[in-house]
Engineer: 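This structure is in structure tokens; I'll ask about it shortly.
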Amino acid sequence: MASYSKELEVAQLAVQRAAILTRKVFHEKAKGTISKDDASPVTIGDFGAQALIIHAIKKNFPDDQVVGEEEASSLRENQKLRDQIWALVDGTKLKDPEAEKILGGPIESIDAMLDAIDAGNSAGGNKGRIWALDPIDGTKGFLRGGQYAVCLALMVDGDVKVGVLGCPNLPVDDSVPLTAESGIDQTDAEGKGVLFAAVSGQGATSRPLGIAGLGKSQPIQMKEVKDISQATFCESVEAGHSSHGDQFEISKKLGISKPSVRMDSQAKYASIARGAGDIYLRLPVRADYQEKIWDHAAGDLIVREAGGEVTDTLGRRLDFSKGRTLAENKGVVAAPVAVHGHVLSAVKEVLAAKK
Ligand SMILES: Nc1ncnc2c1ncn2[C@@H]1O[C@H](COP(=O)(O)OS(=O)(=O)O)[C@@H](OP(=O)(O)O)[C@H]1O
Ligand SMILES: [Mg+2]
Ligand SMILES: [Mg+2]
Ligand SMILES: [Mg+2]
């Protein structure tokens with residue numbers, strides 16, 4: 001079995017470096033936000049983080065492909081925005097020269113930065129080594145001052161082998177349980193920022209998200225759910241991204257009376273993987289929406305390696321081999337292995353009753 005130790009080290013350091021950049025933008029008022037063709041927002045933080053991460057991947061693994069959320073066409077036409085991003089990218093380094101060397105050093109020029117962003121254009125698929133990258137997941141949360149995540153996963157022949165999530169606004173302490181306020185960034189910089197990782201067959205870990213080399217890691221595990229009515233379930237903040245109504249019906253069916261924890265980004269997967277919460281439900285709002293692979297690849301592996309099961313609403317494993325989207329899946333149901341079947345039955349009953 002391949003160990004993927006080099007890939008894991010590069011991925012974690014690349015995400016850690018990119019998070020230095022996103023944290024800078026998070027604390028600035030002007031985030032250089034523009035609207036994409038689908039009317040969703042993108043900021044200088046998203047572009048900068050994508051450039052830095054793809055640069056590190058290409059330096060270490062030149063033949064690998066990348067499926068990245070962003071592309072640079074709007075920057076090629078907008079010099080002001082491009083220069084703003086370059087100032088950020090050029091000034092972002094890990095405070096450990098050895099770690100910086102592992103990432104292949106800085107990006108050489110503005111043109112190289114734009115090319116790095118555009119190298120995230122792989123069509124995906126079921127052959128070879130392909131990285132899935134979401135430079136800022138939960139951009140709306142990032143803009144609102146909530147949770148967000150820097151997400152990177154390596155797929156080999158369509159199967160996720162390595163997953164890394166940088167969550168700058170989650171508490172370092174794995175044992176802090178989720179509350180209704182967890183989705184809001186309420187604490188100061190002290191004690192915040194977690195780097196989650198998993199390798200297929202090797203378990204999942206967390207460690208503090210630092211600014212130099214990698215900190216000390218510890219294994220993480222999902223919590224045992226003894227009484228499902230006491231379970232904590234997570235869902236999106238944005239009602240346009242998952243159906244709060246269906247999710248409420250499902251939780252009622254499970255006897256859960258606690259309100260949901262609304263949280264942006266794959267911080268939801270990370271939070272249940274470390275046992276701070278129990279269940280993540282993402283029921284489709286629109287029948288025709290196809291989930292993007294970069295919104296799920298890292299979280300899917302981290303939850304499964306921490307003792308969870310992740311399927312769609314029909315009980316199928318998420319299939320990352322179909323291209324840039326999860327074309328063969330509908331929604332997400334993530335829970336500890338022991339209770340996943342029970343949760344899935346409630347999901348199916350609620351969806352059947354709607355028909
Ligand atoms: N209609 C629809 N249905 C499902 N998902 C959608 C939809 N539209 C957008 N998106 C994707 O949602 C990503 C963020 O969603 P999250 O649930 O993680 O967070 S949030 O609370 O909704 O912000 C978000 O990721 P980012 O763009 O990286 O923020 C989108 O890829
Ligand atoms: Mg996303
Ligand atoms: Mg994104
Ligand atoms: Mg986006």
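Every number for a ligand or one of its atoms is a count from 1 in the order of the listing.
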Engineer: Should V25 and I136 be counted in the same cluster of Ile, Leu, Val, Met, Phe, Trp and Tyr side chains packed under 4.5 Å apart?
Structural biologist: yes
Engineer: So for V285, does at least one of its heavy atoms come nearer than 4.0 angstrom to any atom of ligand 1?
Structural biologist: no
Engineer: Charged N to carboxylate O under 4.0 angstrom, D134 versus K292?
Structural biologist: no
Engineer: Counting only heavy atoms, which portion of T139 has something under 4.0 Å from ligand 1: side chain, backbone, both, or neither?
Structural biologist: both
Engineer: Which atoms of ligand 1 are found less than 4.0 Å from any heavy atom of G138?
Structural biologist: 26 (P), 28 (O), 29 (O)
Engineer: Would you check, one step at a time, whether the test salt bridge (charged side-chain N to carboxylate O under 4.0 Å, His left out) holds for R282 with D246?
Structural biologist: CA-CA 9 Å; R282 190 180 186 91; D246 290 348; over 6 Å; no
Engineer: Kindly determine whether D38 and K36 satisfy salt bridge (charged side-chain N to carboxylate O under 4.0 Å, His left out), including the steps that lead there.
Structural biologist: CA-CA 5 Å; D38 65 357; K36 296 200 279 189; 5.5 Å; no
Engineer: Heavy-atom pairs closer than 4.0 Å: do any link ligand 1 to the side chain of I136, the backbone, both, or neither?
Structural biologist: backbone
Engineer: State plainly whether one hydrophobic cluster holds both L209 and L165, where clusters connect Ile, Leu, Val, Met, Phe, Trp and Tyr through side-chain heavy atoms under 4.5 angstrom apart.
Structural biologist: no
Engineer: Check ligand 1 against D134 and write out every atom of the ligand that is under 4.0 Å from a heavy-atom position of the residue.
Structural biologist: 28 (O)
Engineer: Look at the side-chain heavy atoms of Ile, Leu, Val, Met, Phe, Trp and Tyr, link any pair under 4.5 Å apart, and say whether Y4 and L103 land in one connected group.
Structural biologist: yes
Engineer: So which heavy atom in the protein is nearest atom 18 (O) of ligand 1, and how far is it from that ligand atom?
Structural biologist: S265 N, 3.0 Å
Engineer: For atom 20 (S) of ligand 1, what is the nearest protein heavy atom, given as residue, atom name and distance?
Structural biologist: D264 OD1, 3.2 Å
Engineer: Considering only non-hydrogen protein atoms, determine which one is nearest to atom 1 (N) of ligand 1 and report residue, atom name and distance to 0.1 Å.
Structural biologist: G240 O, 3.2 Å
Engineer: Any idea which heavy atoms bring A132 and W294 closest together, and the distance?
Structural biologist: CB-CA, 4.3 Å
Engineer: Pull up every protein N/O/S atom sitting under 2.8 Å from the Mg ion (ligand 4), skipping waters.
Structural biologist: E69 OE2
Engineer: Checking a contact table here: which protein heavy atom is nearest atom 22 (O) of ligand 1, and how many Å away?
Structural biologist: H241 ND1, 2.3 Å
Engineer: What protein heavy atom is closest to atom 21 (O) of ligand 1, reported as residue, atom name and distance in Å?
Structural biologist: V237 N, 2.6 Å
Engineer: Over 60° means perpendicular and under 30° means parallel, so tell me whether F26 and F142 are parallel, tilted or perpendicular.
Structural biologist: tilted
Engineer: If you round to the nearest 0.5 Å, how far is CD of E238 from CG of D264?
Structural biologist: 6.0 Å
Engineer: For S236, counting its heavy atoms only, list the atoms of ligand 1 lying under 4.0 Å from any of them.
Structural biologist: 16 (P), 17 (O), 20 (S), 21 (O), 22 (O)
Engineer: Can you confirm whether E291 sits close enough to D312 that some side-chain heavy atom of one is under 4.5 Å from a side-chain heavy atom of the other?
Structural biologist: no
Engineer: Please state which option from E291, R282, K268, E69 has its nearest heavy atom closest to atom 12 (O) of ligand 1.
Structural biologist: R282
Engineer: Would you call R317 and D319 a salt bridge, using N to O less than 4.0 angstrom?
Structural biologist: no
Engineer: Report yes if some heavy atom in the side chain of S260 is under 4.5 Å from a heavy atom in the side chain of F248; otherwise report no.
Structural biologist: no
Engineer: Can you tell me which N/O/S atom of D295 has the shortest distance to the Mg ion (ligand 2)?
Structural biologist: OD1
Engineer: For atom 30 (C) of ligand 1, what is the closest protein heavy atom, and at what distance to 0.1 Å?
Structural biologist: D295 OD2, 3.5 Å
Engineer: As a check for students: among Y148, Y289, Y280, identify the option with a heavy atom nearest to atom 7 (C) of ligand 1.
Structural biologist: Y289
